[in-house]
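Everything on this sheet refers to the single structure shown next.
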Amino acid sequence: MAREIDKKDASKYHLDTLAIRAGQRRTMEGEHSEPIFLTSSYVFDSAADAAARFSGEQEGNVYSRYTNPTVRTFEERIAALEGAETAVATASGMAAILSTCMALLKSGDHVVCSLSVFGTTTVLFNKFMGKFGVEVSFVSPVDVQQWRDAIRDNTAMLFLETPSNPLCEIADIPALAALAREAGAPLVVDNCFCTPALQKPLALGADIVVHSATKYLDGQGRCVGGVVVGSADTMEEVIGFLRSAGPTMSAFNAWVFLKGLETLRLRMEAHSANALALAQWLEGRSEVECVFYAGLESHPGHQLAKQQQSGFGGVLSFRVKGGQEEAWRFIDGTRFLSLTANLGDAKTTIVHPATTTHSRLSEEERAQSGITPNLIRVAAGLEYLDDLKTDLKRGFSAL
Ligand SMILES: *Cc1c(COP(=O)(O)O)cnc(C)c1O
């Protein structure tokens, strides 16, 4: 079909164009918008055709746990956006991380992982990978020497998330990629907070990118999904695991994510603008002890973020003067901000990390990672800035 972007031409186009058009292959109906292929299986013309499909001699769909046209469009679009050969979609962000682990790791291997990763990622590494004889060392995302010191002969993966949640720590992707190459172990980057609109880890030297599509790729809080991105070689084993184990993405969810991607860069710029304005405003309030946002010059990761990101993203956090009581009073004082642990939504969210997202950590672990009782996280949505300030002022009035 004409009027499509050929996969091999993807690098010739800007991200804005790819986010809207990459991966689309029209059917004979000539539909303008991408169709949803709600079908579990596919039919063949003859017994010989069926045999050829099953043996892999003939390309084409067999079963939607393996391939689905709507999911394939999403995968090709994400691959184009991240500048990668191959992407494979998963049922959730955690399924993307699990599939990567199952593909890259075996019993007796060792992983070096940032201390500041999504809480469930820590559980996956400690509890479940540990069960299969994989050892994990956790290190500071901002201290390259700690990563270097943690690497062993059997280190098979380096894993990080940048910017981190909720303190916006910035890990040096090129430096850690160089370290990973030296160690002969792949660097995996969870690019959930920036998306390819603001940061392209593969171009900075990382080997694999994982996403929770649930957040900014959707952008409107509708579906749970994930994706793993990398070279065709590396992805082969990830795809093999997904086909056998089954945590694949549904066609319906893929379609929702495709619609979300069309506005990705516009949204990420608007999220970043609202977050920066709020961070600057909060920094000037007398009730605030400090603000964590890499867009602020006061943030220790500001210069590095400017080098490796094209925007600072939507998530910020701040400490109110006082303790948990003040933080809770502030949160309960706001009226329309969504009180939820989710983020990456058009709706601004507010949460108290110490008693929700980071409540499973011990008090000591929380103190070590800066999750103090007076810390509040805000994920800036797309509402009108002054209205966000009005609601946050209600929080200040409640103090
Ligand atoms: C939410 C999130 C995940 C997990 O994704 P799910 O889609 O909830 O499984 C992983 N990493 C980061 C950074 C996240 O924010």
- Roughly how far apart are Arg65 CZ and Leu242 CG, rounded to 0.5 Å? 10.5 Å
- Without swapping roles, check the side chain of Thr349 against the backbone of Leu343 for a donor-acceptor pair under 3.5 Å. no
- Message: Measuring centre to centre across the rings, with the benzene-like ring taken for any Trp, is His302 within less than 6.0 Å of Phe312?
- Response: yes
- Query: Between Arg148 and Leu179, is there a donor-acceptor pair closer than 3.5 Å when you use the side chain of the first and the backbone of the second?
  - Reply: no
- Item | Min side-chain heavy-atom separation Ser317-Cys168 under 4.5 Å | no
- Task: Keeping the roles fixed (side chain from Asn191, backbone from Lys200), state whether a donor-acceptor pair exists under 3.5 Å.
- Result: no
- Message: If I take atom CD from residue Gln199 and atom CD1 from residue Ile173, how far apart are they, to the nearest 0.5 angstrom?
- Response: 4.0 Å
- Query: Does the side chain of Ser64 come under 3.5 Å of the side chain of Tyr42 through a donor N or O and an acceptor N or O?
  - Reply: yes
- Message: Tell me whether Asn274 contacts the main-chain N or O of Gly314 through its side chain, where contact means a donor paired with an acceptor under 3.5 Å.
- Response: no
- Message: Taking Ile371's backbone N and O only, do any of them form a donor-acceptor pair with Ser369's side chain (distance below 3.5 Å, no angle check)?
- Response: no
- Query: With the 4.5 Å side-chain cut-off for hydrophobic clustering, are Met249 and Leu258 part of the same group?
  - Reply: yes
- Any chance the side chains of Ser116 and Glu169 put a donor and an acceptor closer than 3.5 Å? yes
- Item | Spatial distance of atom CD (Glu262) from atom CD (Glu34) [nearest 0.5 Å] | 5.5 Å
- Item | Considering all heavy atoms, the nearest Ala185-Asp207 contact | O-OD2, 4.4 Å
- Message: Ignoring hydrogens, what is the shortest heavy-atom contact between Phe257 and Ala213? Give both atom names and the distance.
- Response: CE2-O, 3.4 Å
- Heavy-atom pair with the smallest gap, counting every atom of Thr155 and Ala150: OG1-O, 4.3 Å
- Item | Heavy-atom neighbours of Asp6 CG exceed 12 at 6.0 Å | yes
- Message: Assess, by modelled atom type and distance only, whether the side chains of Thr17 and Arg21 contain a donor and an acceptor separated by less than 3.5 Å.
- Response: no
- Query: Do Lys259 and Ser33 meet the criterion of a side-chain donor-acceptor pair at a distance under 3.5 Å?
  - Reply: yes
- Message: Can you give me the closest heavy-atom contact between Thr340 and Val351, atom names plus distance?
- Response: O-CB, 3.6 Å
- How are the rings of Tyr63 and Tyr66 set to each other: parallel, tilted or perpendicular (split at 30° and 60°)? perpendicular
- Query: If you group Ile, Leu, Val, Met, Phe, Trp and Tyr by side-chain heavy-atom gaps below 4.5 Å, do Trp147 and Val136 land in one group?
  - Reply: no
- Task: Applying side-chain contact (heavy atoms from CB on, under 4.5 Å), run through Asp218 and Asp345 and close with a yes or a no.
- Result: CA-CA 8 Å; Asp218 176 326; Asp345 197 299; over 6 Å; no
- Task: Following the transitive rule for hydrophobic clusters with a side-chain heavy-atom cut-off under 4.5 Å over Ile, Leu, Val, Met, Phe, Trp and Tyr, establish whether Ile208 and Val227 coincide in one cluster.
- Result: no
- Non-hydrogen side-chain atoms of Glu76 and Gln24 separated by less than 4.5 Å: no
- Message: Measuring only between side-chain heavy atoms, which start at C-beta, is Val189 closer than 4.5 Å to Leu202?
- Response: no
- Item | Under 3.5 Å: donor-acceptor pair, side chain of Arg366, backbone of His358 | yes
- Message: Do Pro247 and Thr90 have side chains that approach each other closer than 4.5 Å (heavy atoms only, starting at C-beta)?
- Response: no
- Please round to the nearest 0.5 Å and tell me the distance separating atom NE2 of His14 and atom CZ of Arg265. 6.0 Å
- Item | Heavy-atom pair with the smallest gap, counting every atom of Arg394 and Thr334 | CB-CA, 4.4 Å
- Item | Crowding at CD, Glu59 (>12 non-hydrogen neighbours, <6.0 Å) | no
- Task: State, without any angle test, whether Asn374 and Thr372 hold a side-chain donor-acceptor pair at a distance under 3.5 Å.
- Result: yes
- Give a yes or no answer on whether the side chain of Glu75 reaches the backbone of Ala89 with a donor-acceptor pair at less than 3.5 Å. yes
- Is the number of heavy atoms from other residues, nucleotides or ligands under 6.0 Å of Glu364 CD greater than 12? no
- Linked, directly or transitively: Ile331 and Leu388 (ILVMFWY side chains, under 4.5 Å): yes
- From CA spacing to verdict: side-chain contact (heavy atoms from CB on, under 4.5 Å), Glu283, Val288: CA-CA 7 Å; Glu283 210 173 33; Val288 171; over 6 Å; no
- Task: Dump the intermediate steps for side-chain contact (heavy atoms from CB on, under 4.5 Å) on Leu304 and Thr162, then the final yes or no.
- Result: CA-CA 11 Å; Leu304 184 55; Thr162 182; over 6 Å; no
- Task: Would you kindly confirm whether Phe336 and Trp281 end up in one hydrophobic cluster when ILVMFWY residues are joined by side chain heavy atoms under 4.5 Å apart?
- Result: yes
- Message: Would Phe396 and Phe330 count as a ring-ring contact (aromatic ring centres under 6.0 Å, His included) here? Give the steps.
- Response: CA-CA 6 Å; Phe396 285 122; Phe330 182 96; 4.9 Å; yes
- Task: Using modelled atom types only, decide if a donor and an acceptor are shared between the side chain of Thr70 and the backbone of Phe37 within a distance under 3.5 Å.
- Result: yes
- Query: Distance-only, no hydrogens or angles: does the Lys321 side chain make a donor-acceptor pair with backbone N or O of Ser286 under 3.5 Å?
  - Reply: yes
- Check: Asp49 side chain, Phe44 main-chain N or O, donor-acceptor pair, under 3.5 Å: no
- Task: Would you indicate whether Asp45, at its atom CG, is surrounded by more than 12 heavy atoms from other residues, nucleotides or ligands within a distance under 6.0 Å?
- Result: no
- Does a side chain donor of either Gln324 or Thr355 reach within less than 3.5 Å of an acceptor in the other side chain? no
- Item | Sub-4.5 Å side-chain heavy-atom contact between Asp149 and Val139 | no
- Task: Would you check if Leu204 and Gln309 make a side-chain contact, meaning some heavy-atom pair closer than 4.5 Å?
- Result: no
- Could you go through the side-chain contact (heavy atoms from CB on, under 4.5 Å) check for Ser114 and Glu161 one step at a time? CA-CA 7 Å; Ser114 161; Glu161 203 180 296; 5.7 Å; no
- Query: Angle class for the Phe125/Phe138 ring planes (parallel below 30°, perpendicular above 60°, tilted otherwise)?
  - Reply: perpendicular
- Check the surroundings of atom CD in Glu135: do more than 12 heavy atoms from other residues, nucleotides or ligands lie under 6.0 Å from it? no
- Message: If I compare all heavy atoms of Ala171 with all of Leu176, which pair ends up nearest, and what's the gap?
- Response: CB-CD1, 4.2 Å
- Query: Taking C-beta and beyond as the side chain, do Pro163 and Tyr293 meet within less than 4.5 Å on heavy atoms?
  - Reply: no
- Query: More than 12 non-hydrogen atoms from neighbouring residues, nucleotides or ligands closer than 6.0 Å to CH2 on Trp328, yes or no?
  - Reply: no
- Message: Quick check on Glu236: does its CD atom have over 12 non-hydrogen neighbours (other residues, nucleotides or ligands) under 6.0 Å away?
- Response: no
- Item | Student check: side-chain heavy atoms of Asp109 and Met157 closer than 4.5 Å | no
- Distance (rounded to the nearest 0.5 Å) between Asn253 CG and Ile36 CD1: 9.5 Å
- Value rounded to 0.5 Å, distance of SG in Cys192 from NZ in Lys215: 4.5 Å
